[in-house]
Amino acid sequence: MFMHNKRLQYTVRVSEPNPVLASLLLEQFGGPDGELAAAMRYFTQGLAEEDPGRKDMLLDIATEELSHLEVIGSIVAMLNKGAKGQLAEAALSEADLYISLTRGGDSHTQALLYGGGPALTNSSGVPWTAAYVDSRGEPTVDLRSNIAAESRAKIVYERLINITDDPGIKDALGFLMTREIAHQKSFEKALYAIEPNFPPGKLPGKPEFTDVYYDMSQGEGDATGPWNSGDNWQMVSDRDEQAAVDGGDGQASVKLSAKDTKVLDKLAERTQSHPVGDPLTGADLGAGPGAGATTPAPK
C-alpha cells in the first residue's frame with residue numbers, strides 16, 4: 001500500500017521559467033535511465049524477490065525512485081509555468097509566443113500537448129516504454145544491471161547540472177545525483193552478500209574457455225592489461241587457433257531426413273548460379289560514364 005506525503009523529498013526552488021531546460025530534464029523523467037524506469041525496475045524485482053533482505057531493499061529504493069520522479073516532475077512543471085499561462089491566456093503576441101515555445105528541444109510539444117506538465121517521454125519526445133525495464137529475475141544478473149543503471153543515471157544528472165546556472169535546480173539535481181551513488185552502494189553490497197556471485201546464475205562456464213582471451217582485433221593499437229594478460233589469462237593470437245576452438249571442423253551441419261534432403265537438393269539445383277556465360281543485365285543497358293566495365297571488351 002502506498003501513501004503519498006505532500007512534502008517533496010527534496011525542496012524544489014526554480015529561479016525562472018525555462019521550457020527548453022524543462023524538455024532536457026525530461027530525460028530523467030521518462031527516459032531509459034530516468035526515475036520512472038528505475039522505480040519500475042526495482043519494484044518488479046522486489047515483488048518477485050525470494051530473499052527478505054533484498055526484497056526490502058528493492059521496495060525501499062523503488063519507492064524512493066518514485067519520490068525522485070516527483071521531484072523531477074515538479075521541476076519540469078515549474079520551468080513550464082510561464083509558457084503554460086502565456087499559451088492558455090494568449091498573454092503574448094502570436095510571434096513572441098511562438099518564439100518562446102520553439103527555442104529548442106520539444107518544449108513547444110510539451111506546452112501544446114501537456115499544458116506545461118511533465119510528459120512521460122525522454123528529452124527527444126520519445127514515449128516511455130516498459131522495454132526500459134531489463135530485469136531477468138536472477139539477483140546476480142539484476143543487481144549488476146541495477147548498478148549499471150545507477151551509474152548511467154548519475155552521469156546524466158552530471159550533464160544536466162552542467163547545462164543550467166539556476167542554483168536551486170543545480171542543488172536539487174545534485175541531491176538526485178548523490179542518491180544514485182547511494183543506491184549503487186546498496187546494490188553492490190547486496191550483490192557481494194551473495195557468495196559466490198560470479199559467474200551470474202547457476203551453471204558454471206566451460207573451464208577450457210573461461211580463462212582464454214582471443215586477440216581478435218590485431219594491428220596498430222594492440223594493448224595488454226589485466227583484462228587480457230597475467231596469470232588469469234591465456235592469450236590466443238594465432239588466427240588458426242581462434243577458429244573451430246572445439247576441435248571440430250568449424251562448419252555448420254544438421255542431420256536431415258531423406259525426404260528433407262531430397263527437397264533441399266531440388267532447391268539447390270533450381271537456384272544454382274551458373275559460373276559460365278555473361279548474361280546481359282540492366283546494369284549493361286543503363287551503364288553511363290564512370291560505371292566501369294560491365295561487359296567484356298570487344299576483341
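Because the structure is predicted, anything quoted here is derived from the model rather than measured.
- In this view, E70 satisfies the salt bridge (Lys or Arg N to Asp or Glu O under 4.0 Å) rule with no residue, not counting sequence neighbours.
- For the pair D211 (side chain) and P207 (backbone), a donor-acceptor distance under 3.5 Å is absent.
- When all heavy atoms of S217 and D222 are compared, the pair lying nearest together is O-OD1, 2.9 Å.
- A donor-acceptor pair under 3.5 Å is formed between the side chain of T44 and the backbone N or O of R41.
- Taking 4.5 Å as the limit, every side-chain heavy atom of P139 sits out of range of all side-chain heavy atoms of D51.
- W227 and F209 fall into different hydrophobic clusters, where Ile, Leu, Val, Met, Phe, Trp and Tyr side chains are chained together by heavy-atom contacts under 4.5 Å.
- For the residue pair T281 / D284, a side-chain donor-acceptor distance below 3.5 Å is found, with atom types taken as modelled.
- In this structure, CD1 in I75 is found 12.0 Å from CG in N80, a value given to the nearest 0.5 Å.
- Note that CD1 of I161 is 7.0 Å distant from CD of E158, once rounded to the nearest 0.5 Å.
- K170 NZ: more than 12 foreign heavy atoms inside a 6.0 Å radius.
- Within a 6.0 Å sphere centred on CD of Q218, other residues, nucleotides and ligands contribute more than 12 heavy atoms.
- Proximity of K266 to R270: side-chain heavy atoms (C-beta onward) are nowhere separated by under 4.5 Å.
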Exercise for the section: Could you walk me through whether N18 and D166 pass the side-chain contact (heavy atoms from CB on, under 4.5 Å) test, one step at a time? Expected result: CA-CA 10 Å; N18 186 336; D166 187 312; over 6 Å; no
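- In summary, K154 and E150 do not engage in a salt bridge, as defined by a charged side-chain N under 4.0 Å from a carboxylate O.
- Every residue two or more places apart in sequence or in another chain that forms a side-chain contact (heavy atoms from CB on, under 4.5 Å) with T224 is listed here: N228, S229, M235.
- I169 places a side-chain heavy atom less than 4.5 Å from the side chain of L79.
- Taking CE from M57 and CZ from R54, the interatomic distance works out to 7.5 Å, rounded to the nearest 0.5 Å.
- The backbone N or O of P17 sits nowhere less than 3.5 Å from a side-chain atom of K81 that would complete a donor-acceptor pair.
- Y42 and L69 are not part of a single hydrophobic cluster, where members link through side-chain heavy atoms under 4.5 Å apart.
- Considering every non-hydrogen atom in both T140 and G201, the closest pair reads OG1-N, 3.0 Å.
- For R136, the CZ atom counts as loosely surrounded, since its 6.0 Å shell holds 12 or fewer non-hydrogen atoms of other residues, nucleotides or ligands.
- Linking Ile, Leu, Val, Met, Phe, Trp and Tyr whenever their side-chain heavy atoms come within less than 4.5 Å leaves L143 and Y132 in two separate clusters.
- I147 and L176 sit in two unconnected hydrophobic clusters of ILVMFWY residues. Membership requires side-chain heavy atoms under 4.5 Å apart, directly or through other members.
- Ring geometry for F175 versus Y10: interplanar angle under 30°, hence parallel rather than tilted (30 to 60°).
- Looking only at side-chain heavy atoms (C-beta outward), R239 and Q242 come within less than 4.5 Å of each other.
- Q45 and E49 share no side-chain donor-acceptor pair at under 3.5 Å.
- A side-chain donor-acceptor contact under 3.5 Å links S151 and Q184.
- Heavy-atom contacts from other residues, nucleotides or ligands closer than 6.0 Å to CG of D165 number 12 or fewer.
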Practice task
Determine, stepwise, if the pair T261 / L264 fulfils side-chain contact (heavy atoms from CB on, under 4.5 Å).
Solution key: CA-CA 5 Å; T261 299; L264 285 172; 5.9 Å; no
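- Side chains of L58 and F187 form a contact here, defined as non-hydrogen atoms less than 4.5 Å apart.
- Among all heavy-atom pairs drawn from P32 and A37, the shortest one is O-CB, 3.6 Å.
- Minimum heavy-atom separation, F43 to L59: CD1-CD2, 3.8 Å.
- Under the side-chain contact (heavy atoms from CB on, under 4.5 Å) criterion, L203 pairs with no residue at all, not counting sequence neighbours.
- Listed here is the closest heavy atom pair of L47 and K55: O-NZ, 3.2 Å.
- Side-chain contact between Y214 and V245: present, with at least one pair of heavy atoms (C-beta onward) separated by less than 4.5 Å.
- The side-chain contact (heavy atoms from CB on, under 4.5 Å) search around T11 returns R13, not counting sequence neighbours.
- Residues V156 and I61 do not share a hydrophobic cluster, clusters being chains of Ile/Leu/Val/Met/Phe/Trp/Tyr side chains in contact below 4.5 Å.
- If you take CG on L26 and CH2 on W128, they are separated by 15.0 Å, rounding to the nearest 0.5 Å.
- Judged by distance alone, the side chain of S145 and the main-chain N or O of V141 form no donor-acceptor pair under 3.5 Å.
- Atoms CG and CG, from L25 and N122 in turn, are 12.5 Å apart once rounded to the nearest 0.5 Å.
- One N or O on the side chain of D142 and one on the backbone of G137 form a donor-acceptor pair closer than 3.5 Å.
- Proximity of L173 to Q28: side-chain heavy atoms (C-beta onward) are nowhere separated by under 4.5 Å.
- With sequence neighbours left out, N197 forms a side chain to side chain donor-acceptor pair (under 3.5 Å) with R144.
- Annotation: the span from T210 atom OG1 to Q234 atom CD amounts to 10.5 Å, rounded to 0.5 Å.
- Among residues two or more places apart in sequence or in another chain, the side-chain contact (heavy atoms from CB on, under 4.5 Å) test is passed with S67 by Q9, E64.
- Taking the six-membered ring where the residue is Trp, H68 and H183 present parallel rings, their angle staying beneath 30° rather than reaching 60°.
- In this structure, E208 places its CD atom where more than 12 heavy-atom neighbours from other residues, nucleotides or ligands lie under 6.0 Å away.
- Heavy atoms only, all atoms of each residue included: F29 and L120 are closest at CE2-CD2, 3.5 Å.
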